[in-house]
Amino acid sequence: MNIPWNCMFISGGASGIGCCLARIGARGGARVAIFDLRIPAEVRAEFSELCGPERCSFHEVDVLQAQALAEAAELAREKLGPPSLAINSAGMQLAKPFLELSAEEFDRVINLNLIGSRNFAAAVLPRMQRGARLALVASLAGLVPSYCYSAYNASKFGVVGLAGALRMECLPHGVGVSVVCPPEVLTPMVEEELKTMHPVTRELKRVAGTLELESAGEEIMTGLVRGRFHVVPGFRARMVWRLNRWFPGLLELISNRVILKFGAAD
């Protein structure tokens, strides 16, 4: 894919959607900086081969550590130059009924997904120039409520709101902002979750569909190249999003029927 950015910073870039987007960027000729808690040797080797060792950098850092993340971003800038595309893909999900979630679990999801997004944006925006783009990876669950995802919904709705505020503040500086809202994507994290997924959750997710990782990555990157604010990959996911915007009562009716049918034993 032809991409207009020559330098990409990606948090959560060692696995899942983040790694997929980093790979697309590297194949498109971009210099790539990967930020993650742990970056396996095979990931380092892959990107060193794709980009060349002088055109990639690796930073093991926690997005919850704002100062450490800012310092890592500066090290990446010194080596690779200012980011023309910065993507926050670090995050987690925890699917449990609300009353089974401890306060600590709820906080952990909110902190990683929302506060981590804040920290990444604060780390990269001072290093971005006119024409650059910041993308925060949220979820379709940041646009449409989900079953057994109270903490995840709250965090991702927050990410969408954060991205909207940043879009307005960054506009005078010539920096674009996007929020990426994919449906279920077959990453290792999701594949593990499928083993214990609630039947209602599983049925509702079927409405929005499931995407293979590579196709999701290609659609996401296409949306970013086109400068969209909302990037929602997957035809069925876009239909659910639009249905929720235009006919929320109809989507609620569909959801209620699924919940009462498959959650009747709760």
Can you get from [X] to [Y] by hopping between Ile, Leu, Val, Met, Phe, Trp and Tyr side chains that sit under 4.5 Å apart?
{"X": "Leu50", "Y": "Ile3", "value": "no"}
{"X": "Phe157", "Y": "Val179", "value": "no"}
{"X": "Leu166", "Y": "Met168", "value": "no"}
{"X": "Val32", "Y": "Met1", "value": "no"}
{"X": "Leu101", "Y": "Met92", "value": "yes"}

Pair listing, salt bridge (charged side-chain N to carboxylate O under 4.0 Å, His left out) test, anchored in [range], at least two apart:
{"range": "residues 32-43", "value": "none"}
{"range": "residues 154-172", "value": "none"}
{"range": "residues 223-249", "value": "Glu219-Arg238"}

With ring-ring contact (aromatic ring centres under 6.0 Å, His included) as the rule and sequence neighbours excluded, what pairs involving residues 69-110 come up?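 The answer is none; no pair qualifies.
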Residue Phe247 excluded, over 12 heavy atoms near CZ under 6.0 Å: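 It does not: Phe247 CZ has 12 such atoms or fewer within range.
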Crowded around Glu49 CD? As in, over 12 foreign heavy atoms under 6.0 Å?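 No - once you tally the heavy atoms of other residues, nucleotides and ligands closer than 6.0 Å, there are 12 at most.
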Measure across [X] and [Y] and return the closest heavy-atom pair with its distance rounded to 0.1 Å.
{"X": "Ile17", "Y": "Pro182", "result": "CD1-CG, 4.1 Å"}
{"X": "Gly25", "Y": "Met8", "result": "CA-SD, 3.4 Å"}
{"X": "Ala26", "Y": "Cys51", "result": "CB-SG, 3.5 Å"}
{"X": "Ser89", "Y": "Gly18", "result": "OG-N, 3.3 Å"}
{"X": "Leu80", "Y": "Cys56", "result": "CD2-N, 3.8 Å"}
{"X": "Phe9", "Y": "Ala73", "result": "CE2-O, 3.6 Å"}

Does the side chain of [Y] come within less than 4.5 Å of [X]'s, by heavy atoms?
{"X": "Leu94", "Y": "Tyr152", "answer": "no"}
{"X": "Val180", "Y": "Leu21", "answer": "no"}
{"X": "Tyr147", "Y": "Val258", "answer": "no"}
{"X": "Phe58", "Y": "Ser48", "answer": "yes"}
{"X": "Leu213", "Y": "Val185", "answer": "yes"}
{"X": "His173", "Y": "Met128", "answer": "no"}
{"X": "Cys20", "Y": "Ile24", "answer": "yes"}
{"X": "Glu74", "Y": "Arg127", "answer": "yes"}

Enumerate, atom names and distances included, each donor-acceptor pair closer than 3.5 Å involving a side-chain atom of residues 116-125, sequence neighbours excluded.
from, atom 1, to, atom 2, distance (Å)
Ser117, OG, Asn88, ND2, 3.2
Ser117, OG, Asn113, O, 2.6
Asn119, ND2, Val63, O, 2.8

List, by chain and then residue number, the residues other than Leu75 in its hydrophobic cluster (Ile/Leu/Val/Met/Phe/Trp/Tyr, side-chain heavy atoms under 4.5 Å); write none if there are no others.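 Cluster partners of Leu75: none, it stands alone.
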side-chain contact (heavy atoms from CB on, under 4.5 Å) against Val43, all qualifying residues, sequence neighbours excluded: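 Partners of Val43 by the side-chain contact (heavy atoms from CB on, under 4.5 Å) criterion, ordered by chain and then number, come out as Ile34, Ile39, Pro40, Phe47.
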Looking at Glu203 and Arg257, is there a salt bridge between them, counting it only when a charged N and a carboxylate O are closer than 4.0 Å?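 No, this pair does not count.
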List for me each residue that meets side chain to side chain donor-acceptor pair (under 3.5 Å) alongside [X], sequence neighbours excluded, and say none if there are none.
{"X": "Arg55", "result": "none"}
{"X": "Thr201", "result": "none"}
{"X": "Ser57", "result": "His59"}

Under 3.5 Å, side chain of Gln65 to main-chain N/O of Asp62, donor-acceptor pair present?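 No, Gln65 side chain to Asp62 backbone: no donor-acceptor pair under 3.5 Å.
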Taking Leu143's backbone N and O only, do any of them form a donor-acceptor pair with Asn244's side chain (distance below 3.5 Å, no angle check)?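 Side chain of Asn244 to backbone of Leu143: a pair is present.
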Kindly list each side-chain donor-acceptor pair under 3.5 angstrom involving residues 132-140, sequence neighbours excluded, with atom names and distances?
from, atom 1, to, atom 2, distance (Å)
Arg133, NH1, Val177, O, 3.3
Arg133, NH1, Ser178, OG, 2.8
Ser139, OG, Ala141, N, 2.9

Looking at residues at least two apart in the chain, or sitting in another chain, which of them share a ring pair (Phe, Tyr, Trp, His ring centres under 6.0 Å) with Trp241?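 His230.
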